[in-house]
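Please read the structure below before turning to the comments.
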Protein chains: 2
Amino acid sequence: MTGGGRRGRRPGAPDTRAAILAVARERFAAAGFAAVSVRSVAAEAGVDPALVHHYFGSKRDLFLAALEMPVDPREVLAPVIAAGPEGAGERILATILGVWDDDELRLPLLALARGLTDPSGHLLQDGFLPVVIGPVLAELGVDQTERRLPLVISQIIGVLVLRYLARLEPLASMPAEEVVAAVGPTLQRYLTGPLP
Amino acid sequence: MTGGGRRGRRPGAPDTRAAILAVARERFAAAGFAAVSVRSVAAEAGVDPALVHHYFGSKRDLFLAALEMPVDPREVLAPVIAAGPEGAGERILATILGVWDDDELRLPLLALARGLTDPSGHLLQDGFLPVVIGPVLAELGVDQTERRLPLVISQIIGVLVLRYLARLEPLASMPAEEVVAAVGPTLQRYLTGPLP
DNA sequence: GTCTATAGACGGATAGAC
DNA sequence: GTCTATCCGTCTATAGAC
């Protein structure tokens, strides 16, 4: 991405910037925006607090950087869409759980999810949900998207909150396949079943 | 509870204490624990910050006071249990939405729900969920409670988060009856349907 | 690029006058 | 019971030396 190393190193640091970002992701994911201080991030990363401001501007900028989607939801959900509406409930859930169960992706996703209730909240509400899940339903060729969308999301959010945020057992330790088998039919009904 | 008013007024204040508590409920419900300061609560209540510490001890004590359950879940769910497992999915959801749609009860419930992700978190996880919903399922005479419980809770939590916290439309403004009609069958399946 | 120093604001909590 | 005054800690953010 540097376009060839001829001109020497870019303004970014060797790896301090990455270290800060990694810690920020973990802390924001664990405690939310307000409860995490720039200083605590710097301390845990073993760097000076001023460096945090140096690389990322304000605390909010750091948060946004930590929040950057590690995956493109449209991309991973593309195969689901391509396969059509039959069995889409199971496939959507299996895909999402697969992403969340990835050790490298879970932390940024947790940070994102905390935004649902945090004061810094509107990212999920105004951005992620309608922008990502909405188009998926539309491309699936499902009718009455506006009525089905909140139902689908409600069940997905519920599973994510309990499995990854609250870590409620036995859901937290359950194999993804089992969750898919139990919850998938619900999503399928919301997607293609009759609406009241 | 004073045992007769002969001895004069109790240590509590005439209504200042209640005013503080009301504001605290609203603020904690809206912004969570970390983002709300004692001073801001006092200012909004029109009282001195020192009074907050006078009536309630620490900030955490104030939070716990604001969190006190406004309803006894076992009590409101008793009729649901008494009517047996048939149609229990719809009745459980209708009961819960009825409580949350009550203007007087919503704020404390919101404050409670924020605790799901807030640092002050374990109240919901260790307390509310297993203690309240668990016994309900047990008394309903449902088998394999441990496997059905997280499924039921996941769908309920998802609806509550989207309808009352994130306020995602059209779910937020939808009549409760419509939500019950759409989601109730899911709960019924989790309660009495086949498990994979 | 990294750090020290510090500004400037706000947080929780307490002591004590009235 | 209510308020003033204040201590002390922590926070974000910046300026500037090295």
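All of these numbers come straight from a predicted model, not from anything done at the bench. Chain letters run A, B, ... following the sequence lines, proteins first and then strands; every chain starts at 1.
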Exercise for the section: May I have the distance from B:His53 (atom NE2) to D:dC7 (atom C1'), rounded to whole angstrom? Expected result: 13 Å
Fill in the blank from the handout: By salt bridge (charged side-chain N to carboxylate O under 4.0 Å, His left out), B:Arg39 pairs with (sequence neighbours left out) none
Practice task
Taking Watson-Crick and G-U wobble pairs with both distances under 3.5 Å, convert DNA chain C into its dot-bracket string, 5' to 3', dots for unpaired and | for cross-strand pairs.
Solution key: ||||||||||.|||||||
Exercise for the section: Using modelled atom types only, decide if a donor and an acceptor are shared between the side chain of B:Arg148 and the backbone of B:Leu191 within a distance under 3.5 Å. Expected result: yes
Practice task
Give a yes/no on whether any side-chain N or O of A:Ser37 is located under 4.0 angstrom from OP1 or OP2 of D:dT10.
Solution key: no
Fill in the blank from the handout: Shortest non-hydrogen pair, A:Leu110 vs A:Ala29, comes out as CB-CB, 3.5 Å
Exercise for the section: Could you tell me the separation between the CG atom of A:Asp15 and the C1' atom of C:dT2, rounded to a whole number of Å? Expected result: 13 Å
Problem - Phosphate contact (C:dT2 OP1 or OP2) by A:Thr16 side-chain N/O below 4.0 Å - result: yes
Exercise for the section: Would you mind reading off the distance between B:Leu51 atom CG and D:dA5 atom C1', rounded to a whole angstrom? Expected result: 15 Å
Handout entry: Spacing between B:Phe56 atom CZ and D:dG1 atom P, to the nearest angstrom
Key = 13 Å
Exercise for the section: For residues A:Arg163 and A:Pro175, report the shortest heavy-atom separation together with the two atoms involved. Expected result: NH2-C, 4.3 Å
Handout entry: For atom CZ of B:Arg39 and atom P of C:dT14, their distance in whole Å
Key = 13 Å
Problem - side-chain N/O A:Tyr55 vs C:dG1 OP1/OP2, d < 4.0 Å - result: no
Practice task
With sequence neighbours excluded, give me every side-chain hydrogen bond (donor to acceptor under 3.5 Å, both in side chains) pair touching residues 186-196 of chain B.
Solution key: A:Gln155-B:Tyr190, A:Thr186-B:Arg189, A:Thr186-B:Tyr190, A:Arg189-B:Thr186, A:Tyr190-B:Thr186, B:Gln188-B:Thr192
Completion exercise
dist B:Leu93:CG -> B:Trp100:CH2 (nearest 0.5 Å) comes out at 12.5 Å
Problem - Any donor-acceptor pair under 3.5 Å from B:Arg91 side chain to B:Glu86 backbone - result: yes
Practice task
Mind jotting down which residue pairs meet the side-chain hydrogen bond (donor to acceptor under 3.5 Å, both in side chains) criterion with at least one end in residues 44-53 of chain B? Sequence neighbours excluded, please.
Solution key: none
Practice task
Check the distance between C:dT14's C1' and B:Lys59's NZ and give it to me in whole angstrom.
Solution key: 18 Å
Problem - Nucleic acid contacts of residues 40-50 of chain A, taken as heavy-atom distances under 4.0 Å to DNA chain C - result: A:Asp48, A:Ala50
Exercise for the section: Sequence neighbours left out, what passes side-chain contact (heavy atoms from CB on, under 4.5 Å) with B:Pro194? Give chain and number order. Expected result: none
Practice task
Let me know the distance between CG of B:Asp61 and P of C:dT14, rounded to the nearest Å.
Solution key: 11 Å
Handout entry: Gap between atoms CD1 and P, on B:Ile20 and D:dG1 respectively (whole Å)
Key = 13 Å
